[in-house]
Amino acid sequence: MATVTVPRADLTTDEVVKVLHDGLGPDYNVLPGMAMRRLPFLAPRVGQPNKIVVGTGDNRVVKAQVTITPSDGQTQLRISPGGFTTTFVLNTFGIVRKVRAVLADSPSLSAR
């Protein structure tokens, strides 16, 4: 799991969604309030407001989940890969890296 720390405790899901939309472009789906399922043949399900599924296509194979957790004056953005065995490894080195880079490089989040 990759993590990005944002030095603000008031970070909103909408702010993270905007950064992901802008940074990843139109080929990626950014689904706030959704949670991923590990198995590749299952579509995302309704989740908590602090979860965001990012994927391509039908979000079943190439997918990651961002979980927003505020604590001690900062916010942790945890990025978890979806999938099982092979797809888990591919997502770890593919979409998770890309999502982490977009969040870490965003001037509007001032991530570190």
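Computed over heavy atoms, backbone and side chain alike; hydrogens, waters and symmetry mates excluded. One is the number of the first residue; the rest follow in order along the sequence.
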To check you understand the geometry: which heavy-atom pair defines the closest contact between [X] and [Y], and what is its length?
X	Y	answer
Pro81	Met36	O-CE, 3.1 Å
Pro70	Ala9	CB-O, 3.6 Å
Pro44	Arg37	C-NE, 4.4 Å
Lys51	Ala35	CD-CB, 4.2 Å

Check for a donor-acceptor pair, side chain of [X] on one end and backbone N or O of [Y] on the other, with a separation under 3.5 Å.
X	Y	answer
Asn91	Val96	no
Thr92	Phe88	yes
Thr13	Pro49	yes

Not counting sequence neighbours, which residues clear side-chain hydrogen bond (donor to acceptor under 3.5 Å, both in side chains) with [X]? List them please.
X	answer
Asp10	Arg8
Thr12	Glu15
Gln48	none

Test applied, side chain to side chain contact (heavy atoms under 4.5 Å, CB included); reference residue, [X]; option that passes from [options]:
X	options	result
Leu109	Leu77, Thr5, Val4, Thr75	Leu77
Val16	Val6, Val30, Asn50, Ile52	Ile52
Val19	Asp14, Val99, Leu103	Leu103

Val66, Leu90: one ILVMFWY side-chain cluster at the under-4.5 Å cut-off? no
After noting the C-alpha distance and the side-chain angles of Thr69 and Arg78, does the key distance pass the side chain to side chain contact (heavy atoms under 4.5 Å, CB included) rule? CA-CA 8 Å; Thr69 309; Arg78 294 187 182 105; 3.2 Å; yes
Interatomic distance, NZ@Lys63 vs CD@Gln65, rounded to 0.5 Å, equals 9.5 Å
In Å, rounded to the nearest 0.5 Å, how long is the span from CG of Leu31 to CG of Asn59?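 Reported value, rounded in 0.5 Å steps: 5.0 Å.
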